[in-house]
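Source: prediction; values computed, not measured.
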Amino acid sequence: MTTDSGAPRSGEQQESLAGTQIKAIPARHPGRWVATIFVLYLVVALIHAAATNPNLDWGEVTRNLFDGFVLKGVLNTLWLTFLSMVVGVVLGTILAVMRLSPVPIVSGAAWAYIWFFRGTPVFVQLLFWGSIAALTGPHVAVQIPLSGVVLFQTTTTNLVPPLVAAVLGLGLNEGAYMAEIVRAGILSVGEGQSEAAASLGMTRLKTMRLIILPQAMRVIVPPTGNETIGMLKTTSLVGATIAYPELTYVVTQVYAVNFLIIPWLLIASIWYLAMTSVLTFGQYYIERYYARGAARTLPPTPLQRLRALFGRTLTTIHAREATQPLGPISKAR
Amino acid sequence: MSSAEATNFMVKAEAVGKSFGRLQVLKGVDLEVRPREVVVIIGPSGGGKSTFLRCINHLEKIDAGRLWVDGELVGYRQRGNKLYELQEREVARKRSEIGMVSQHFNLFPHMTALENVMVGPVQVKGESKPAARDRGTALLQRVGLGDKLGAYPAQLSGGQQQRVAIARALAMEPKLMLFDEPTSALDPELVGDVLGVMRQLAESGMTMIVVTHEIGFAREVGDALLFMADGVILESGEPRQMVANPQHERTRQFLSKVL
């Protein structure tokens, strides 16, 4: 047996190693330093360019960021996003259940709907809704077919005001995408679950509502958050197609007059970023709620994550406390 | 055989057949189970045991023979010489009277143990929540899980999950309990707890059909033992005698492997 190997030679020596921390010289990573310096340089250069370019006109941006028109546009954008997503989610759920129906006409109809709305650009669909009067004429009437007796008559703009046109345009398109997301969620729940529900005597509809969909939510929520953020930005197409004053529409109206295109586009971008950031944050909490029962411990909320991060840098004692696993959120129900 | 004669039995099967495509899984199964009787079915995998249990609970439709549960035809209604397929609602009502426990527990993972036990009575029978909660708590205590009411299935061991599944089935106050290999997915040291609960249940007078490989359970608790292979019941008899002295060659081979 050689004597200069690192292997322990006797039980005595192994015992003496127990509990001792290894103190070694860390390996060098020169490549990491080069990359860090390069990225930092790019960031500084970008900030410098943004701060000194007069065309960005930060003064105009800060003066008008909280302008009444802009705030109205922000609210309209949020409202439009909310309504369109409600239409999209409800419609998507119905379409997903329809696609899984054993009746060929029912599943076929859902398939055709998805085929049409997913297969044409949403911009074109919105242009259709914007020109709805060109399709129906300026007046619409409900009459008894082939008799000419008119029951109800109104103008097309009365029946389909810009907000309704925008919500229908965005929501009907969204329904097609949500249908596939919901269907994927439903299919992700094992067959044993519906059999267990059936054994208890639940009907198919009750099984879907109480057993399948709540579990499918865990799969449905993340892409739906994605869709909501996408929808928030897609509402910017509404200004160009239907005269509804969402954020982008408001901004384009202003710069059409004062020609300060870049600063006003910056204003819109800042607001869009702020809104999507809030949505991203909210998604954490929804995911956490639907994770109950799926994992033994729930993932920490962003706030708890922040606390844990600061706790760790300040004092190790606090960090240990803050990263303790969380109990189930039984109070959430 | 009329349904009037079938009323003496909790389950009565006559030449029951079932095929999946070209594969004939059940080739004429005959069985009589009296109320309060515990019937244990053993046999090799693929022999049709699980399929037969699923037929009793309407999870599979039989395509030959006749099957009665508590005097009523399974899946059909007979008027004159014609059979009418039952509506989904009627099938659901009949299922609610039969408890089923499967190999894979299939607890609802998004509900606590207590909520799992409550959901059937509340949603299917329209029982009030407080009443269902009281009964559910008592049932979970009965299966030895009085301290796990608020636990989610992922926080329970396999044996605990299976006992919650039994409590969930019992909450519907079934007149018949079907067990489909209830201990096959469990670690050996957890099997005893589940069998203990089943033994208690048998002693309380529940009618049970149990598919299992636990020969000890069959011998001690079963009133009748059936050996099923290739879609038919090859041998049946009093459990102790049959285990000690199997008549059929296939039964002998099978028992020598599992004992």
Side-chain angles (χ1 to χ4, degrees), chain A residues 97 100-103 106 182 185-222 285-299 324-333, chain B residues 50 53-54 56-60 87-126 149-156 164-165 168-174 176-178 180 185:
Chain A
V97 174
L100 297 168
S101 159
V103 187
V106 174
V182 174
I186 291 173
L187 293 178
S188 77
V189 180
E191 214 177 329
Q193 290 290 310
S194 38
E195 278 192 2
S199 298
L200 289 176
M202 284 192 201
T203 55
R204 264 168 46 102
L205 209 68
K206 269 211 168 124
T207 303
M208 186 57 76
R209 188 165 59 82
L210 297 167
I211 308 299
I212 308 294
L213 282 180
Q215 292 182 60
M217 285 307 270
R218 224 162 48 80
V219 173
I220 293 172
V221 166
Y285 285 89
I286 300 174
E287 277 178 29
R288 211 173 112 88
Y289 174 77
Y290 284 108
R292 76 199 192 286
R296 274 161 215 237
T297 55
L298 287 169
Q324 282 289 316
L326 300 142
I329 38 164
S330 46
K331 60 176 186 289
R333 298 202 84 205
Chain B
S50 291
L53 274 198
R54 292 163 60 81
I56 295 174
N57 202 17
H58 306 71
L59 286 173
E60 303 288 356
Q87 294 291 322
E88 192 209 346
R89 197 159 286 279
E90 297 168 289
V91 171
R93 189 185 57 75
K94 292 198 171 185
R95 279 199 193 115
S96 73
E97 299 169 347
I98 303 171
M100 177 119 180
V101 175
S102 77
Q103 183 179 354
H104 303 292
F105 330 136
N106 288 326
L107 291 181
F108 305 131
H110 59 303
M111 298 181 185
T112 63
L114 182 58
E115 286 166 346
N116 263 283
V117 178
M118 284 170 63
V119 68
V122 171
Q123 293 295 337
V124 177
K125 288 178 135 187
L149 300 179
Y152 284 98
Q155 296 166 320
L156 298 173
V164 175
R168 177 175 69 178
L170 290 178
M172 294 300 289
E173 297 174 318
L176 168 68
M177 283 286 285
L178 308 174
D180 188 5

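In summary, Arg93(B) and Glu97(B) engage in a salt bridge, as defined by a charged side-chain N under 4.0 Å from a carboxylate O.
When heavy atoms are compared at a cutoff of 4.5 Å, Leu59(B) approaches chain A solely by way of its side chain, counted from C-beta outward. Proximity to chain A is absent for every atom of Leu178(B), based on heavy atoms less than 4.5 angstrom apart. When heavy atoms are compared at a cutoff of 4.5 Å, Arg54(B) approaches chain A solely by way of its side chain, counted from C-beta outward.
Residue with the most contacts toward chain A among Met172(B), His58(B), Met100(B), Glu88(B): Glu88(B) (heavy-atom pairs, distance under 4.5 Å).
Once rounded to the nearest 0.5 Å, the distance linking CD of Glu195(A) with CG of Leu200(A) reads 12.0 Å. Once rounded to the nearest 0.5 Å, the distance linking CG of Asn116(B) with CG of Leu107(B) reads 5.0 Å.
Applying the side-chain hydrogen bond (donor to acceptor under 3.5 Å, both in side chains) rule to pairs touching residues 99-108 of chain B yields Ser102(B)-Asn106(B), sequence neighbours excluded.
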